[in-house]
Amino acid sequence: MAHNVPEMAPNVSGSRAPIDRAEAKGEDFAHSRTFEWLARVGLVARGVIYAVVGILAIKLALGDGGKTTNQNGALDTIAKQPFGKTLLILMAIGLAGYAIWRLLRAAIGHGPESSDDTKDRIAGFTSGIAYGALCITAVSILLGSGGSSGSPDKATGGVLDWPAGQVIVAVAGLIIVGVGLEQGYEGVKKKFLEKSKTEQMSESVKRAFTALGAFGHLARMVVFVLIGYFLIRAAIDYNPDKAVSLDGALTALGQASYGPILLGVVAAGLIGFAAYSIADARYRKV
């Protein structure tokens with residue numbers, strides 16, 4: 001006589017247990033003082049990088065021997081200063097903190113003081129990856145293996161050779177332009193204030209903080225839009241040499257009509273964004 005043997009139901013709760021434990025640990029860490037410390041140190045590191053980029057660009061605009069550089073070049077410049085190795089170690093720690101903060105916020109969608117929507121989580125993920133790469137660059141410089149991560153034209157050239165490579169590069173350019181326009185929107189509408197504890201600021205501090213943030217976000221808009229534009233041009237012309245990064249965008253500004261003036265204004269804006277980032281290390285809702 002045949003007997004029906006009941007099927008064993010999959011142990012769903014058992015398979016979920018490691019995920020649940022990981023989520024619980026992430027939640028615990030997101031509410032810890034260490035998490036807050038990483039976020040605030042990371043914001044300072046971001047500010048220092050933008051300050052170096054902006055100062056070098058404004059010196060070029062003034063004809064004072066400066067140059068355009070990107071974030072990698074800024075780290076290399078820091079390494080060449082007195083006590084450069086110590087400064088770069090601090091920068092690596094800060095960049096690692098910023099990357100961890102952004103990636104964890106992207107993963108769990110909130111911190112102890114604020115929450116993120118889907119757009120914020122996507123932006124946090126991409127930002128975390130980018131600053132994680134900068135941290136690796138800083139460590140590479142410390143180890144003496146150089147900080148170059150490859151030029152944008154080489155990377156673009158590789159993608160252009162893929163199937164539908166031109167479309168991929170053009171879409172990437174459009175996304176970067178979109179990011180730039182979003183930066184401009186945040187600057188004009190002062191949306192960045194929603195991420196900071198403005199209620200803890202005096203009126204004078206809030207005015208200065210708002211001015212620096214608005215000016216800085218508009219400067220970042222110009223740079224991102226230019227980078228995206230040149231990426232689209234590279235795709236349309238099938239010419240990877242037209243792709244640029246931050247330094248190339250600043251160089252393009254300097255070569256335009258009224259170039260030194262335009263470059264000086266944008267460079268000053270990047271310095272303003274640096275000051276805003278450093279001030280935001282104090283007031284950011286993490």
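Quick caveat, the model's predicted, so the values are computed rather than measured. Keep in mind that the numbers below use all heavy atoms, side chains included, and drop hydrogens, waters and symmetry copies.
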> Does D117 use its side chain to pair, donor to acceptor, with the backbone of K119 at less than 3.5 Å?
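Checking the backbone N and O of K119 against the side chain of D117, a donor-acceptor pair under 3.5 Å is found.
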> Can you tell me how far the CG atom of L263 sits from the OG1 atom of T251, to the nearest 0.5 Å?
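One gets 8.0 Å once the value is rounded to the nearest 0.5 Å.
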> Does the side chain of S202 come under 3.5 Å of the side chain of S204 through a donor N or O and an acceptor N or O?
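Judged by distance alone, the side chains do pair up.
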> Between the main-chain N or O of G128 and the side-chain N or O of R102, is there a donor-acceptor pair closer than 3.5 Å?
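Between the backbone of G128 and the side chain of R102 there is no qualifying donor-acceptor contact (under 3.5 Å).
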> Are the side chain of Q183 and the backbone of R220 linked by a donor-acceptor contact shorter than 3.5 Å?
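Checked: no pair found.
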> I'd like to know if the side chain of T126 reaches the main chain of A123, judged simply by a donor and an acceptor atom lying under 3.5 Å from each other, with no hydrogens or angles considered.
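Confirmed, T126 side chain pairs with A123 backbone.
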> Do E203 and K206 meet the salt-bridge criterion of a basic N to acidic O distance under 4.0 Å?
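Looking at K206 and E203, the cut-off is not met.
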> Can you name the residues that form a side chain to side chain contact (heavy atoms under 4.5 Å, CB included) with K191, not counting sequence neighbours?
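Only Y185, E186, K189, E194 meet the side chain to side chain contact (heavy atoms under 4.5 Å, CB included) criterion with K191.
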> OG/S127 to CG/D120 distance, rounded to the nearest 0.5 angstrom?
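Interatomic distance, S127 OG to D120 CG, rounded to 0.5 Å: 11.5 Å.
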> Between A57 and L250, which heavy-atom pair has the shortest distance, and what is it?
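Shortest heavy-atom contact: CB-CD1, 4.2 Å.
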> Does a side chain donor of either D280 or S196 reach within less than 3.5 Å of an acceptor in the other side chain?
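A donor-acceptor contact under 3.5 Å links the two side chains.
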> To check you understand the geometry: which heavy-atom pair defines the closest contact between F224 and I176, and what is its length?
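In this case the closest contact between F224 and I176 is O-CG2, 3.2 Å.
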> Locate the shortest heavy-atom distance separating A274 from A51; write the atom from each residue and the value.
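Of all heavy-atom pairs spanning A274 and A51, the closest is CB-N, 3.4 Å.
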> Looking at R105 and D116, is any side-chain nitrogen of the basic one under 4.0 Å from a carboxylate oxygen of the acidic one?
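Yes, charged N to carboxylate O under 4.0 Å.
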> Where do L134 and L75 come nearest, in terms of heavy atoms and distance?
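Looks like O-CD1, 3.5 Å.
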> Under 3.5 Å, is there a donor-acceptor pair between the side chain of N70 and the main chain of G73?
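Confirmed, N70 side chain pairs with G73 backbone.
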> Report the distance from atom CG of L160 to atom OH of Y238, rounding to the nearest 0.5 Å.
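Here the rounded value is 5.5 Å.
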> Pairs in or reaching into residues 255-276: which pass side chain to side chain donor-acceptor pair (under 3.5 Å), with residues at least two apart or in two chains?
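Applying side chain to side chain donor-acceptor pair (under 3.5 Å) to every pair that reaches into residues 255-276, excluding sequence neighbours, yields nothing.
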> Which side-chain N or O atoms in residues 80-98 pair as donor and acceptor under 3.5 Å with protein atoms at least two apart or in another chain?
{"unit_1": "K80", "atom_1": "NZ", "unit_2": "D76", "atom_2": "OD2", "d": "3.3"}
{"unit_1": "Q81", "atom_1": "NE2", "unit_2": "T77", "atom_2": "O", "d": "2.9"}
{"unit_1": "Y98", "atom_1": "OH", "unit_2": "R46", "atom_2": "NH1", "d": "3.2"}

